[in-house]
Number of protein chains: 2
Amino acid sequence: MSATSPTIRQRGRPSGFDRQTALEAAMRSFWAEGFEAASIDRLCRAMNMPRASLYQLFGDKQGLFMSALDRYGETRVSRVIAALGPVGSLAEDLSAFFDEVIHLATSDRGTPGCLISCVLADAAGTNPVFTAELDRRFTAMEHRIEERLLLARWPVDAKISASAVAGMIASVARGMTLKARSGQTADELLPIARTALMAVTRLADHIEK
Amino acid sequence: MSATSPTIRQRGRPSGFDRQTALEAAMRSFWAEGFEAASIDRLCRAMNMPRASLYQLFGDKQGLFMSALDRYGETRVSRVIAALGPVGSLAEDLSAFFDEVIHLATSDRGTPGCLISCVLADAAGTNPVFTAELDRRFTAMEHRIEERLLLARWPVDAKISASAVAGMIASVARGMTLKARSGQTADELLPIARTALMAVTRLADHIEK
DNA sequence: TAATTTTCAGAACACTCGTTCTTTAAATTG
DNA sequence: CAATTTAAAGAACGAGTGTTCTGAAAATTA
């Protein structure tokens with residue numbers, strides 16, 4: 001064991017909460033209720049964290065939400081991105097991508113839809129910090145998809161550009177999470193994914209320069 | 001002039017607001033700020049309507065929001081639906097459909113995105129009334145698109161069903177309104193629409209039973 | 001003009017909001 | 001065992017919430 005081990009005891013009273021567990025709980029609260037509707041009172045209770053610690057760690061409600069978004073990106077969006085591989089063929093990876101999107105938006109009845117597409121998008125209406133954050137996360141996702149398309153030799157000078165196709169794929173995925181928010185199950189979303197996959201495949205087969 | 005004309009004067013003091021104008025203002029407030037963030041105080045000011053009249057006419061905040069959704073459907077969604085025609089070919093009508101979606105979500109800087117996809121979807125997270133309303137409006141839109149596809153002789157027994165394609169088209173449209181919420185302009189959304197249109201066209205050309 | 005009816009303007013209400021502060025509790029250090 | 005340090009628990013704060021109530025204002029009817 002190293003002397004500078006990260007598990008050395010702090011000096012004062014040890015905290016009774018785990019930061020990651022607390023952040024997971026906050027993320028889920030925002031996801032279920034929305035940014036405005038999630039109250040600090042309920043957040044503290046769900047996080048098992050006293051108000052003082054919450055404000056010391058995250059600054060304010062907006063800061064907590066941003067941290068919750070980070071955790072969402074690291075634990076949820078990362079799985080969707082990872083499905084893009086490259087693992088198999090483009091079609092196989094896109095299919096896996098959509099499967100992950102559907103799983104993310106429907107697997108937990110308490111948190112339907114997507115934290116970014118359903119909650120952050122609402123909050124982005126008037127808050128410029130959230131608008132920028134939404135744009136950043138949307139753009140990052142599209143770049144990952146575009147990269148995967150280019151890796152599958154999508155012509156850079158095609159009439160329908162890889163970035164446009166990536167934008168369409170991302171739009172379908174987001175639209176599907178909205179449907180999940182309205183109570184649709186995974187089974188009901190699958191046909192949409194299959195259609196989008198088929199459409200992209202057909203597009204790839206008939207690229208005109 | 002008929003004796004039972006709808007414009008006969010009321011008995012007491014006339015109201016100083018116009019119901020449709022007020023509802024338009026309420027709709028725009030919710031659209032910009034979200035359901036929770038839009039306060040009754042600001043709503044009354046924007047609607048030029050006293051609190052008492054608001055509560056008498058709409059019951060409560062939720063009732064006002066539902067009425068605002070109705071107006072949104074009648075004045076905004078109706079234009080998108082109308083573009084489906086049938087006016088020209090399927091491709092032409094779908095193109096017009098996407099044009100209307102883009103216009104709806106980007107034409108007014110103060111109300112980016114879509115009231116249903118960006119605001120109602122957030123509120124639907126925990127409120128079952130809103131969940132049901134979101135499902136109803138989503139389903140209605142998809143049925144209209146499916147009807148248009150069937151009118152263009154989309155085979156009822158196709159491997160990729162008309163309802164699945166309609167679901168995909170609606171998903172793309174909704175995903176585009178989310179992008180608009182993040183600040184994207186009409187020009188930036190157009191490639192997504194063009195790609196979706198091309199994809200559906202390719203799909204229609206290669207339907208396997 | 002007097003009585004009646006409806007609306008208006010805003011005070012009032014009971015809460016809840018996000019945030020800060022104070023006191024007590026629990027750990028380590030010397 | 002003190003002294004110190006950190007966290008916990010929750011009271012406190014001012015502002016804002018959705019909603020209801022009250023008295024004055026403005027129209028019509030008789």
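Throughout, protein chains are lettered first and strands after them, A, B, ... in sequence-line order, and every chain is numbered starting at 1. Since we're looking at a predicted model, the values are computed, not measured. Values below: every heavy atom of this structure, side chains too, minus hydrogens, waters and symmetry copies.
One can place CG of B/Leu54 at 15 Å from C1' of C/dG10, the figure rounded to the nearest angstrom. For the pair B/Glu33 CD and D/dT17 P, the interatomic distance rounds to 10 Å; values are reported in whole Å. If you take CZ of A/Phe58 and P of C/dG18, they are 16 Å apart, rounded to a whole angstrom. Going from atom CD of A/Gln62 over to atom P of C/dC17 covers 19 Å, rounded to whole Å. Atom CD of B/Glu36 and atom P of D/dG16 are 17 Å apart (whole Å). Residue A/Lys61 contributes atom NZ, which lies 12 Å from atom C1' of C/dT19 at whole-angstrom precision. Whole-Å rounding puts the A/Tyr55 OH to D/dT6 C1' distance at 21 Å. Protein atom CZ of B/Arg11 is 13 Å distant from nucleotide atom C1' of D/dA26, rounded to whole Å.
Under the salt bridge (Lys or Arg N to Asp or Glu O under 4.0 Å) criterion, the residue pairs touching residues 176-200 of chain B are A/Glu142-B/Lys179, with sequence neighbours excluded. Within the structure, salt bridge (Lys or Arg N to Asp or Glu O under 4.0 Å) pairs that include any residue of residues 48-69 of chain B comprise B/Asp41-B/Arg51 (at least two apart or interchain).
Among the protein residues, B/Ala38 comes within range of the sugar-phosphate backbone only, with heavy atoms under 4.0 Å from sugar or phosphate atoms but none that close to a base.
Of the possible donor and acceptor atoms, none in the side chain of B/Ser95 sits under 3.5 Å from a partner among the backbone N and O of B/Ala91. Side chain of B/Thr131 to backbone of B/Ala124: a donor-acceptor contact under 3.5 angstrom is found.
Listed by chain and number, the residues in a salt bridge (charged side-chain N to carboxylate O under 4.0 Å, His left out) with B/Glu24 are B/Arg71, B/Arg76 (sequence neighbours excluded). Applying the side-chain hydrogen bond (donor to acceptor under 3.5 Å, both in side chains) rule to B/Ser163 yields the partners B/Ser161; only residues at least two apart in sequence or on another chain are considered. Qualifying salt bridge (charged side-chain N to carboxylate O under 4.0 Å, His left out) partners for A/Glu133, counting only residues two or more places apart in sequence or in other chains: A/Arg136, A/Arg137.
Between B/Gln56 and A/Ala37, the residue whose closest nucleotide on DNA chain C is further toward the 5' end is B/Gln56.
For DNA chain C, the residues of residues 40-52 of chain B within the heavy-atom distance limit of 4.0 Å (strictly under) are B/Pro50, B/Arg51, sorted by number.
Between B/Ser39 and D/dT17 there is a side-chain polar atom (N or O) within less than 4.0 angstrom of OP1 or OP2. OP1 and OP2 of C/dT6 both lie 4.0 Å or more from every side-chain N or O belonging to B/Ser15.
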